[in-house]
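All values below come from the heavy atoms of this structure, side chains included, with hydrogens, waters and symmetry mates left out. Naming: A, B, ... by sequence-line order, numbering from 1 per chain.
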2 protein chains.
Amino acid sequence: MSTDVDTAPAVGDSERRRRTRERLMDAAFDVFAEAGVHTASVEAICERAGFSRGAFYSNFESKEELFFALSDREVDKTLARATDIAREVFPASAPNGEDVAEVVRTMIQFVRGEANWHRIVAEYRLLAMRSGDVATRYLDFTRRLNERVGDMLETITLGAGLRFVGDIRLISRTLIALSSAITEEQMLGGQSTDGRETEGDPLDFEAIVAYVHLVTEPAID
Amino acid sequence: MSTDVDTAPAVGDSERRRRTRERLMDAAFDVFAEAGVHTASVEAICERAGFSRGAFYSNFESKEELFFALSDREVDKTLARATDIAREVFPASAPNGEDVAEVVRTMIQFVRGEANWHRIVAEYRLLAMRSGDVATRYLDFTRRLNERVGDMLETITLGAGLRFVGDIRLISRTLIALSSAITEEQMLGGQSTDGRETEGDPLDFEAIVAYVHLVTEPAID
DNA sequence: CGTATCCGATACATGAATGTATTCGATACA
DNA sequence: TGTATCGAATACATTCATGTATCGGATACG
């Protein structure tokens with residue numbers, strides 16, 4: 001009997017299907033960011049995407065599978081964008097010290113841009129803390145991002161006639177950790193419901209530039 | 001009619017009641033850490049605490065209220081412990097450069113200790129990203145922790161005949177961000193389910209000590 | 001010793017989200 | 001034009017957590 005072992009099992013892969021999945025992921029991005037993965041219902045995602053739950057379960061096994069498909073997509077997008085920014089910025093850099101500050105500022109703007117992406121990453125990290133499998137994926141993401149940023153920094157800095165004092169990976173790591181922390185504070189402070197603004201002391205981005213200057217020195221060449 | 005406007009409304013505050021609340025919070029700490037605030041059911045918390053849901057709703061209005069009561073308690077505990085550690089460490093510091101490394105190491109051990117507390121904080125942060133009220137509380141916590149660590153660093157460093165180059169708050173902030181990032185990576189790497197260990201490159205704690213040396217210099221006095 | 005109060009247990013009603021089984025419609029293909 | 005296939009919609013059954021209302025027991029107090 002023709003059980004079609006390898007033609008039937010895999011579900012279709014038509015263009016229509018692909019678009020549906022994309023729309024569901026687009027919707028999920030917003031809904032997850034707003035409500036969180038657990039709070040968000042499949043229903044809510046479908047509603048925003050303009051589909052029914054039938055469509056959802058025809059395309060994804062569960063909400064979790066959707067989340068991981070989504071994170072993969074966004075991680076790729078993010079890394080691609082980081083690369084684009086690097087390509088866009090470093091040919092323009094006339095080799096002088098000021099450019100480093102500029103590059104760092106660009107990088108931070110990039111990190112800072114999307115609050116929703118920050119929420120997604122924060123949730124990704126939280127899930128990773130509870131599941132080894134997720135942790136593997138998450139660490140892979142952060143590792144790739146670190147490398148990308150490290151390369152970027154190194155290239156720029158060399159172009160500017162500077163070099164880093166110490167381990168470049170540690171430095172890029174520090175920069176990412178620091179700018180994330182600051183971005184986070186600004187994000188959290190900005191939305192404070194009650195009257196008073198973030199009067200505390202939102203450490204300025206300039207402080208990061210100061211750090212960069214601290215860990216760079218003229219390349220003797 | 002004696003409506004007892006200000007004697008009746010407040011629910012009891014007996015010793016028994018206080019103990020019940022504590023036990024519920026103890027249980028919630030574990031359950032929240034393991035499963036997450038949303039996934040964890042009131043039922044699960046009660047079961048671990050050895051109570052029924054009746055007891056729960058007699059003591060807390062909702063799971064969220066419990067979470068906030070719990071975070072307050074833990075934040076206080078954490079800050080108190082930070083203070084204790086500071087008190088414990090700095091009288092012992094014979095003023096030499098090595099002590100700084102030792103202190104940083106102690107600080108990191110402290111941060112590192114409890115994976116569950118990390119999970120709780122991560123969730124706290126995530127909730128803060130979606131609610132201005134929570135954000136206010138969370139920022140207050142991080143601000144206090146920063147101050148505490150900053151004071152600690154400053155005292156120790158002075159005692160060791162060193163001084164920080166640059167803004168001490170930025171430095172303590174950087175240290176916290178960095179050690180959190182590293183702790184996180186170790187935590188995530190450690191639990192990876194599949195065979196391979198965290199072979200990647202777990203930036204060593206020593207690297208942080210290197211950073212401290214980078215931002216300190218002998219106090220000319 | 002009896003009674004009242006406080007606190008936790010039990011039982012129940014409700015609402016919400018999930019996943020599946022089935023149906024309907026459109027598009028490709030003969 | 002008829003038919004088969006694929007993908008999304010609909011309807012349904014089920015599970016699960018919540019919150020409340022009521023009950024029972026213990027302890028304190030007269």
Any A:S58 side-chain nitrogen or oxygen under 4.0 Å from OP1 or OP2 of D:dC6: no
Residue from B:R119, B:R81, B:K77 passing salt bridge (charged side-chain N to carboxylate O under 4.0 Å, His left out) with B:E114: B:R81
Aromatic contact, B:F67 with B:F32 (centres under 6.0 Å): yes
Among D:dT18, C:dG8, C:dT18, the one nearest B:A55 by side-chain distance: C:dG8
Taking any heavy-atom pair under 4.0 Å as a contact, classify [X]: base, sugar-phosphate, or nothing.
X     : result
B:S52 : base
A:F56 : nothing
B:S62 : nothing

Exercise: do B:R143 and B:N146 side chains pair donor with acceptor under 3.5 Å: no
Polar contact flag, side-chain donor to acceptor under 3.5 angstrom, B:H118-B:T183: no
Atom-to-atom span, CZ of B:R17 to P of C:dC6 - whole angstrom: 10 Å
Cation over ring face, B:R21 and B:F60, 6.0 Å, 45°: yes
Pairwise 5' ranking along DNA chain D for B:E43 and A:N59, keeping only the more 5' one: A:N59
Bending between helix ends of the helix from C:dC1-D:dG30 to C:dA30-D:dT1 [5 pairs per end, 10° resolution]: 0°
B/S/- contact track for nucleotides 20-30 of chain C, protein heavy atom under 4.0 Å: B----------
Under the salt bridge (Lys or Arg N to Asp or Glu O under 4.0 Å) test, residues paired with A:R18 that sit two or more places apart: A:E15
